[in-house]
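Working notes, beginning with the structure itself.
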There are 2 protein chains.
Amino acid sequence: MDPKRVLIFRTVARAGSISGAARELGWTQPAVSQHLRALERSAGCALLLRGAAGVELTEPGRVLLARADALAVQLHMAEEELADLTALRRGRVRLAAYPSAAATLVPRAVAGLRARHPEVDVELTEAEPPEALALISRGDADLALVFSYDPPHGAVGEGRSARADHASAGTPERRDQVAAGGAGLVWRPLADEPVALVVGADHRAATRRRLTLADLSEEPWIVGCERCRAHALSVCAEAGFEPAVRHVSDDYVVVQNLVAVGLGVTLLPRSALDAFLHPGVRVREHPSFGTRTFGVVHREGADLVPATAALVRELAA
Amino acid sequence: MDPKRVLIFRTVARAGSISGAARELGWTQPAVSQHLRALERSAGCALLLRGAAGVELTEPGRVLLARADALAVQLHMAEEELADLTALRRGRVRLAAYPSAAATLVPRAVAGLRARHPEVDVELTEAEPPEALALISRGDADLALVFSYDPPHGAVGEGRSARADHASAGTPERRDQVAAGGAGLVWRPLADEPVALVVGADHRAATRRRLTLADLSEEPWIVGCERCRAHALSVCAEAGFEPAVRHVSDDYVVVQNLVAVGLGVTLLPRSALDAFLHPGVRVREHPSFGTRTFGVVHREGADLVPATAALVRELAA
DNA sequence: GCTGTCCCATAACCTGACGTTATGGATCCG
DNA sequence: CGGATCCATAACGTCAGGTTATGGGACAGC
């Protein structure tokens, strides 16, 4: 049974005549008549009695009208619900974010989204980038905040496929990041942030005027995740030494506490320091310490989901 | 929003891929792909994420799928209900019948219908033919049992429009009968029945061997409704006299009681006598007493309603 | 009784929607 | 690396779906 014809039938029943329904639909009367005939053939019985005064429903017609009404209700509610989603009167985004972004960027973005679109919910899962990508690929998250440490000259176009980007950028970290979650993903960088050197408040490097990394070649080093370790090794190698890694922790609060009591020095991105700054450390910045790019990853096409697109806009602001 | 496309979308969601849905629908994959694209343009957002492993719903897609499921349920139930009505597993006929038919023909027909199709209901309203036709025209009855007294040569085709039939038959009673309810009605004669003379058990005419109507020219007469009176006047005129009408009653039980106590003679159709035969009367039959045709009237097209058609078949059996 | 106005039905016609085939690209597995 | 799966787009042919043309019935007003 053709649902369009059922709805045409309903228009006729409500108009009381085929001609009246044709006027309402903006069609000619034979068009409606032909559809009704086809519907009656399909139904196998008369749905309407026709006459000079218009139509009257038969009992099968009354039965079908009840169902046609219910059909129209479902269709109308579908249209309304999609309109609500499109206009951001409703929606939900499942976001996976690494800790320092979860502590800084995400609250600001979610607050902005909440201010503009209070009916849109964001569900946050804290996850390091590889796990965040896995969530995206499995369909358990809509959007992932990820980062990659940049070589000094790295710059990538936004909105291009992950494969194209990492091919053009060529960095091992970037390939590792987006390939781990499988293909069909889109990576959109949002901004760069500097990586800073973090030393104890009493450390001789805390106040040294012309500080270079090489000055710290004999210090014990504290590093974080796999990517952060790789970055530290990379920038130290450019400074001509291999750092002695004594401590490892992903947790930037823990890392800063270790630095404060003199157990070593570390490199941390700006966002981690924005999230938490231990009073017993000092932060030194220099271009040679490097930068990292953070951005979002999502399934191709997910940016056409209104709530996801809105959150991306807030994160990019 | 095109309900057909919503159902196509539902097929894709359930199949897990556009190609799988195409196989299920018996179409090629681009056909399904194009319909989905059109649906997404109409919806104004992405409903699906596409990939090498098939599709995954977005949140708008999940919302729409719920409505699509409800749509499919309504459509399926409509199909089932119409199938039940077509197969006479369900149904209702509103029948208007004159008293002697209500007492004889109708119970037999309804019993037969009940035996064959126990789920079909008949709702009976007792009504003389003019009122029965009015009920049909107002849409308050589906079928009417009516009769007309025949001239000796009257014979009509079945299933033709009422106007055509009464034009061909030409009898005043018939015109009165079907015209009174307006046009768009179809009259279908079912059978002829003889009209009989009814006299008291002790009446001299009860046992007279070679009885003619002229023998009763001096008797007091008892007549019924307008049409029955006209018939009596007609056949007596053919016998060469005008009957002295002393009593009038539509009720064939009353009429027979009056005859039994000697208050007059009357003409009654066979069905009235089948319904009730007073032990104090005698029935004489002769072609000169005339016949009457009984049949059904309904709105044009109503015979394509399965329950109505079934009842007509039972009435005609 | 005639005319005008409403109703519905059918035939013939034209157009574009809707399916196809052809083709290309992406992903994944062996 | 090749084969098998997925999806997308372009081009094409057919016929469904709307139109116009026309005819007939019913009814109200004159």
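Order of the sequence lines sets the chain letters (A, B, ...), proteins ahead of strands, with each chain counted from 1. All values below were derived from every heavy atom in this structure, side-chain atoms included, with hydrogens, water molecules and symmetry-related copies excluded.
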Of the nucleotides [options], which has the atom closest to the [X] side chain?
X       : options               : result
A:Trp27 : D:dA8, D:dG25, D:dT19 : D:dT19
B:Arg23 : D:dC6, D:dG17, D:dT20 : D:dC6
A:Ser33 : C:dC7, D:dA26, C:dT10 : C:dT10

Rounded distance in Å - [atom1] ([X]) to [atom2] ([N]):
X        : N      : atom1 : atom2 : result
A:Leu48  : C:dC7  : CG    : P     : 15 Å
B:His35  : C:dG19 : NE2   : C1'   : 8 Å
A:Gln29  : D:dG23 : CD    : P     : 16 Å
A:Ile8   : D:dG17 : CD1   : C1'   : 10 Å
B:Glu300 : D:dA26 : CD    : P     : 8 Å
A:Arg37  : C:dA11 : CZ    : C1'   : 15 Å

- Message: Quiz question: going by heavy-atom distance under 3.5 Å, is there a donor-acceptor pair between the base of D:dA8 and the side chain of B:Gln34?
- Response: no
Please classify the nucleic acid contact of [X] as base, sugar-phosphate, or nothing, using heavy-atom distances under 4.0 Å.
X        : answer
B:Gly20  : nothing
B:Gly301 : nothing
A:Thr28  : base

- Message: Evaluate A:Leu315 against A:Leu143 for side chain to side chain contact (heavy atoms under 4.5 Å, CB included), listing each step before the verdict.
- Response: CA-CA 11 Å; A:Leu315 290 165; A:Leu143 199 63; 4.0 Å; yes
- Message: With a 3.5 Å distance limit and no angle check, can you tell me whether A:Glu40 reaches the backbone of A:Leu48 through a side-chain donor-acceptor pair?
- Response: yes
- Query: For the residue pair B:His35 and B:Trp27, is the inter-centroid distance of their aromatic rings smaller than 6.0 Å?
  - Reply: yes
- Contacts of B:Ala31 and A:Ile18 projected onto DNA chain C by closest heavy atom; the upstream (5') one is A:Ile18
- Note on the structure: Test side-chain contact (heavy atoms from CB on, under 4.5 Å), reference A:Val93, set A:Asp142, A:Val305, A:Val312, output is A:Asp142
